[in-house]
Number of protein chains: 2
Amino acid sequence: MLRLSGQTANPAARHTQTTLKFRKGEIIYAQGDPASDWYQVVSGTVRTCFLYRDGHRQLTGFYYGGDVFGIEAEKFRSSAEAVTPVTLTRRSKAIGFAIPAEQIPEASSILQSALNHAQSCISLLGRRTANERVAAFLLATAWRIGGRDSLNLPMTRADIADHLGLTIHTVSRTLSELARREIINLNGPQSITICNPQLLRLLADGEGRDSSHEQKDQIGALDCPTLAMAPATAFGR
Amino acid sequence: MLRLSGQTANPAARHTQTTLKFRKGEIIYAQGDPASDWYQVVSGTVRTCFLYRDGHRQLTGFYYGGDVFGIEAEKFRSSAEAVTPVTLTRRSKAIGFAIPAEQIPEASSILQSALNHAQSCISLLGRRTANERVAAFLLATAWRIGGRDSLNLPMTRADIADHLGLTIHTVSRTLSELARREIINLNGPQSITICNPQLLRLLADGEGRDSSHEQKDQIGALDCPTLAMAPATAFGR
DNA sequence: CGACAGGTTGAGTGAGCTCAAGTCGGGTGG
DNA sequence: CCACCCGACTTGAGCTCACTCAACCTGTCG
């Protein structure tokens with residue numbers, strides 16, 4: 001794995017904020033590094049993951065334009081890596097939050113956004129079947145990317161699998177099955193269209209357990225967005 | 001399910017802090033309630049959980065004396081319930097953090113503690129087998145309760161199961177199996193002694209996959225506490 | 001063109017779920 | 001006091017869904 005510190009794109013930037021670029025696959029920070037800075041995605045996609053002793057990964061989140069990541073106490077419990085080429089801004093934790101009085105609401109909302117991200121992750125892992133997890137992941141990603149039904153997944157099947165606690169085989173099979181049932185459309189491995197959001201929502205909520213044909217009990221499926229759907233709030237400019 | 005607002009034990013308390021008592025099983029706040037206050041456990045045990053549409057629970061954490069909970073953005077995504085009889089202090093979010101400048105470090109550490117709790121939960125759910133999850137849960141609980149090898153689990157098997165994403169049957173079977181292998185001792189359903197912490201640690205880290213006798217490769221098992229072990233930092237005193 | 005990474009799909013296995021008894025202890029009422 | 005109930009827990013038997021192992025496809029890059 002490559003390890004670069006990133007190139008400073010704006011050399012005139014003050015101590016308070018630095019713009020960085022990373023290539024696909026590069027490590028932004030590693031598990032165990034001192035967590036003195038935090039980051040905001042300008043463009044591209046970032047993943048955070050931690051490694052267990054036995055080597056397997058748990059991806060704790062994907063971060064898109066506007067998202068903040070790297071909010072941790074002392075040391076990073078997760079590493080962060082570029083899923084695609086990314087541009088980031090980096091700020092010092094001491095300066096960026098928790099000191100100047102006028103920035104407190106801002107600081108809170110940054111931390112809240114990190115909390116929301118973590119809760120979304122728990123909400124995915126708390127689902128019990130592969131169908132539920134994949135369906136919930138697709139809906140959450142579609143929502144996050146911009147609410148469109150057509151979405152471009154920047155990450156690989158392995159990333160999805162390690163995010164959902166499944167294998168790439170199961171992820172692939174589940175997606176194929178969803179396509180076969182015409183709930184989604186696979187235009188290519190990375191390009192997915194959601195054809196039947198209502199049914200996908202039912203699957204995510206575990207209501208597609210029995211028959212796959214009848215649309216039983218649509219009530220309750222259309223009300224407020226479920227837990228998993230609560231957007232991992234992007235911290236605004 | 002009973003629903004009480006709790007009795008104010010200290011009527012002289014200012015707006016800023018109220019002491020409350022709840023009986024076993026009582027709901028402290030419900031999923032969806034406006035999250036205007038946050039809480040700290042004085043004594044007893046609290047669980048937070050959210051419910052999926054299909055009715056199944058995901059417990060997101062257990063909170064013991066000193067722990068802070070109820071830190072959420074606008075509405076509670078989880079409910080909180082008393083596992084045992086509990087005494088709590090409740091503070092307003094607006095007053096308790098994010099406003100007076102001198103309280104900022106405090107505010108940060110409260111939010112950080114919530115983040116740590118969430119990450120510990122993810123770390124448990126990210127493990128793949130029942131053995132790993134139960135072993136990690138026991139170690140984390142023993143660590144949190146006070147580092148002793150003998151621990152009293154205040155929660156039921158159902159609570160543990162819903163925390164780890166397993167069934168009560170699997171939890172029960174796994175504990176029995178650990179007892180059979182003399183890694184732990186079951187003095188009663190709630191009272192557990194950890195006889196072989198090293199081996200339990202290996203199991204938690206997925207290294208007990210093959211043989212159950214050989215203590216292969218103890219190196220790496222004794223160094224820094226693993227992710228799951230990082231204490232869900234108690235805020236306060 | 002071959003090498004390789006990413007993805008799909010099939011066959012077989014096994015860990016954990018479901019269904020079903022059965023135990024144990026505490027509370028309650030006759 | 002005993003009978004009864006009920007909730008929490010344990011344990012067995014069988015099944016199923018997701019994992020493992022393996023083959024194969026596709027597109028990209030050197």
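Protein chains get the first letters and strands the later ones, always in sequence-line order, with residue 1 at the start of each.
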Rounded distance in Å - [atom1] ([X]) to [atom2] ([N]):
| X | N | atom1 | atom2 | answer |
| --- | --- | --- | --- | --- |
| R157(A) | dT9(C) | CZ | C1' | 13 Å |
| H169(A) | dT8(C) | NE2 | P | 12 Å |
| N187(B) | dC24(C) | CG | P | 17 Å |
| L186(A) | dC25(D) | CG | C1' | 15 Å |
| I168(B) | dG7(D) | CD1 | C1' | 11 Å |
| L164(B) | dA15(C) | CG | P | 18 Å |
| K24(B) | dG26(C) | NZ | C1' | 11 Å |
| D159(B) | dC9(D) | CG | C1' | 13 Å |

Using 30° and 60° as the class boundaries, would you call the ring planes of H163(B) and F137(B) parallel, tilted or perpendicular? perpendicular
Under a 3.5 Å distance rule, please check whether R133(A) uses its side chain to pair with a backbone N or O of L164(A) as donor and acceptor. yes
Polar pair under 3.5 Å, donor/acceptor by atom type, side chain R128(A), base dT18(C): no
Donor-acceptor pair under 3.5 Å: do we get one between R133(B)'s side chain and the base of dG16(C)?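 Absent.
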Reading DNA chain C from 5' onward, which residue's closest nucleotide shows up sooner: L175(A) or L166(B)?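 Checking each residue's closest nucleotide, the 5'-ward one belongs to L175(A).
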Does R173(B) or M155(B) map to a spot on DNA chain D nearer the 5' end, using the closest nucleotide for each? M155(B)
On the nucleotide [N], are OP1 or OP2 found under 4.0 Å from the side-chain N or O atoms that [X] carries?
| X | N | value |
| --- | --- | --- |
| T170(B) | dC17(C) | yes |
| S172(A) | dT9(C) | no |
| T167(B) | dG16(C) | no |

Charged N-O contact under 4.0 Å between D159(A) and R57(A): yes
Below 4.0 angstrom, N of the basic side chain to O of the carboxylate: do K75(B) and D33(B) qualify?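 Salt bridge: no.
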Could you walk me through whether R173(B) and E177(B) pass salt bridge (charged side-chain N to carboxylate O under 4.0 Å, His left out), step by step? CA-CA 6 Å; R173(B) 263 186 260 274; E177(B) 174 68 9; over 6 Å; no
Tell me which nucleotide among dA18(D), dT9(C), dT11(D) gets nearest to the side chain of A130(A).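 Minimum distance to the A130(A) side chain belongs to dA18(D).
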From the options dT10(D), dG16(C), dT9(C), select the nucleotide whose nearest atom is closest to the side chain of T129(B).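 Side chain of T129(B) sits closest to dG16(C).
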When all nucleic acid strands are considered with a 4.0 Å heavy-atom cut-off, which category describes G188(B): base, sugar-phosphate, or nothing?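 It contacts nothing in the nucleic acid.
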Across the strands shown, which category fits Q190(B) at heavy-atom distances under 4.0 angstrom: base, sugar-phosphate, nothing?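 It contacts sugar-phosphate atoms only.
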